[in-house]
Amino acid sequence: MSTDVRTRFAPSPTGYLHIGGARTALFSWLYARHTGGKFILRIEDTDAQRSSQELSEEILKAMQWLGLDWDEGPFYQSDNIELYKSYVNKLLEQGQAYWCECSPEDLKNIREQAQSEGRKPKYDGSCRKKGLGPGPGRVVRFAAPQGGLTSFEDLIKGHIAVDNDELDDLVLLRSDGMPTYNLTVVIDDAEMNITHVIRGDDHVNNTPKQIQIYQALGLDVPIFAHVPMILGSDKTRLSKRHGATSVMAYKDMGYLPEAMVNYLVRLSWSHGDQEIFTPEELIDLFDIKDVGRSAAVFNPEKFLWLNHHYIKNGDSKRLAALLKDFVEKQDYPVPDDVYLEQVVIDVRERTKTLADMIDFGEFYFREIEAPAELQLKFFTPELKEIMQMVVEKLFSVDFSDKEQVEQAFVSVLESFDIKFKKIAQPIRVALTGKTVSPGLFEIIMTLGKDTTLRRLRRALEYMKEV
RNA sequence: GUCCCCAUCGUCUAGCCUGGCCUAGGACACCGGCCUUUCACGCCGGCGACAGGGGUUCGAAUCCCCUUGGGGACGCCA
């Protein structure tokens, strides 16, 4: 027996790992790492209708992408059905559970009746005294304690107390023989010796019900920590309406996992004025005690800013490797690693995501032609001689030496006694097809002699023809 | 509707527990300026909040109560 911290993340594979779930997982993981405890992953797939193996795997992938590694699991609740049933039987034998024959329609009526009378729409317990046994269409319900108070000390919310009369005789075993969430979560957390149940705010109301089950079963009640929700910009529960909510959707949009971790951790948690954290710092600094009690609004702009921060400061070789996927997705020919890294270095200050790099740096990956209006505006005949000389000078220069390339321009500028400004935009348009781009010399060095000269000559041809 | 929870700039938050150092600090966004071959980056500056009302106190963003506002839960989902 040890008192080591054991936390868990228990998603249900009825959807992808979303922002909210990821943050909960992150907090659980951080707390385990911070305390030197264990982090367990458990898949809650007792809803056979809606759960799927594919979704389970997607969740695992998302966890891995975020770097949230687990020490035990993944365990699947569907592998433990007999275990849960044995507990149901125990409750039945103890008289703390009973068979119920009420149909879904009966239940609906009971609820509507209660609500219309201004009461909480809970099950009225009409089958409690019937002494029913198993039968088709029947479920097992928990005989919840009546009267009194159930309370607990939440690590985040503080003291929470609920009147037992508010609580339902909830279903433990469905008519199809599958156990339900409130039962399985209790049994597994107990069997897995979870010390700290860190989960979403939306489970606060379930907690007293679960505590009653722990008590009925004579199991130790863990410590609870309910983390506040993440809301959308209109302060309602975050959903697709607010934009992408799936973790992996952000990966596909060119976000970095460290940016997501850093962004999410700062929702309802902070450490003074610090905004940027390395994983090591987080493990060192994170504590549930510092998690706030109020909900946070997901702010895409700040997330983008953080992503840009990591794009700007990340290792360029790694970024180049990540960029490769995005190049392939566009069906562009994949350049070599050195070229890709140069692109990253050229564009990183002005692109906030990996996907941005592809858009903004399109001219690095494919042949481009400036729109007609830009050609007309910038490729003017008066620039003919100047451009001619730029091409000639560059032609005779060694491109492995940036110094020489810059010198070539200096000599052209001196010959015509003009400012660089005079030819910068025309050259930019010739090289990139746009008026906005990275620095000219960076582009030229990355593109290389052949491409640079080819594109400048094409502009020169235009100047001559006009 | 009933129950539970929450409440500092538009947003994320520091400060609140252990009242005075708060004419409330930082960050994102926004607006100016500087830098400059474009755009960015960077730097400098600006805008901007203690929900309201009562208490307690010499003194309240900080403690208490009420109101209001918001969120969540009320399922044979998790």
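What you see below is based on every heavy atom in this structure, not just the backbone, and it leaves out hydrogens, waters and symmetry mates.
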Begin from the C-alpha positions of A:H203 and A:Y181 and carry the test ring pair (Phe, Tyr, Trp, His ring centres under 6.0 Å) through to its verdict.
CA-CA 11 Å; A:H203 285 290; A:Y181 166 73; 5.4 Å; yes

Are the ring centres of [X] and [Y] closer than 6.0 Å?
X	Y	result
A:F277	A:F286	no
A:Y250	A:F303	yes
A:F298	A:H242	no
A:Y98	A:F142	no

Once you apply the 3.5 Å cut-off to both distances, tell me the Watson-Crick or G-U wobble partner of [N], or none.
N	result
B:C30	B:G46
B:U68	B:A7
B:U38	none
B:A60	none
B:C74	B:G1
B:U18	none

Below 4.0 angstrom from OP1 or OP2 of [N], is there any side-chain N or O of [X]?
X	N	value
A:K312	B:G42	yes
A:R50	B:C76	no
A:R350	B:U38	no
A:K235	B:U11	yes
A:R111	B:G75	yes
A:R293	B:A7	yes
A:T46	B:A78	yes

Between [M] and [N] - [atom1] atom distance, rounded Å:
N	M	atom1	value
B:C39	B:G53	P	48 Å
B:C47	B:C28	C1'	14 Å
B:C64	B:U57	P	16 Å
B:G70	B:A29	P	29 Å
B:C12	B:G71	P	14 Å
B:U62	B:G15	C1'	8 Å
B:C21	B:A14	C1'	15 Å
B:G20	B:A60	P	11 Å

Does [X] reach a base, just sugar-phosphate, or nothing at all? Heavy atoms under 4.0 Å.
X	answer
A:N206	base
A:L267	sugar-phosphate
A:S116	nothing
A:G292	nothing
A:P228	nothing
A:F441	base
A:V139	base
A:A10	nothing

Among [options], find the nucleotide with the atom closest to the side chain of [X].
X	options	answer
A:V297	B:U11, B:C3, B:C39	B:U11
A:I160	B:A78, B:C74, B:C5	B:C5
A:M229	B:G72, B:C76, B:U37	B:G72
A:A296	B:C4, B:U37, B:C12	B:C12
A:L107	B:C76, B:G72, B:C4	B:C76
A:N205	B:U37, B:C4, B:C76	B:C4
A:K352	B:U38, B:A73, B:A29	B:A29

Kindly say whether, by distance alone, the side chain of [X] makes a donor-acceptor pair under 3.5 Å with the base of [N]?
X	N	result
A:K302	B:C12	yes
A:T180	B:C76	no
A:N299	B:A29	no
A:D273	B:G25	yes

Is the side chain of A:Y462 donor-acceptor paired with the backbone N or O of A:T380 at a distance under 3.5 Å, no angle test?
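Side chain of A:Y462 to backbone of A:T380, a donor-acceptor pair under 3.5 Å: no, none is there.
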
Might you confirm whether atom NZ of A:K402 has over 12 heavy atoms from other residues, nucleotides or ligands at distances under 6.0 Å?
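More than 12 heavy atoms, drawn from other residues, nucleotides or ligands, come within 6.0 Å of this atom.
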
Using whole Å, what does the distance between atom [atom2] of nucleotide [N] and atom [atom1] of [X] come to?
X	N	atom1	atom2	answer
A:H308	B:C39	NE2	P	16 Å
A:D234	B:G10	CG	C1'	14 Å
A:I59	B:A78	CD1	C1'	11 Å
A:N182	B:G75	CG	P	11 Å
A:F277	B:A27	CZ	C1'	11 Å
A:H203	B:A78	NE2	P	10 Å
A:K85	B:C76	NZ	P	18 Å
A:E275	B:C28	CD	C1'	8 Å

Please compare A:T14 and A:A295 by the position of their nearest nucleotide in RNA chain B and report the one closer to 5'.
A:A295

Of A:E442 and A:E301, the one whose closest RNA chain B nucleotide lies more 5':
A:E301

Salt-bridge present (A:D234, A:R241; N to O < 4.0 Å)
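Counted as a salt bridge, because a side-chain N and a carboxylate O are separated by less than 4.0 Å.
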
Would you kindly check if the NZ (Lys) or CZ (Arg) of A:R141 is within the cone defined by 45 degrees around the ring axis of A:Y123 and under 6.0 Å from the six-membered ring centre?
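Positive - A:R141 is close enough to the ring of A:Y123 and near enough to its axis.
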
Minimum side-chain heavy-atom gap A:R458-A:E369 below 4.5 Å
yes

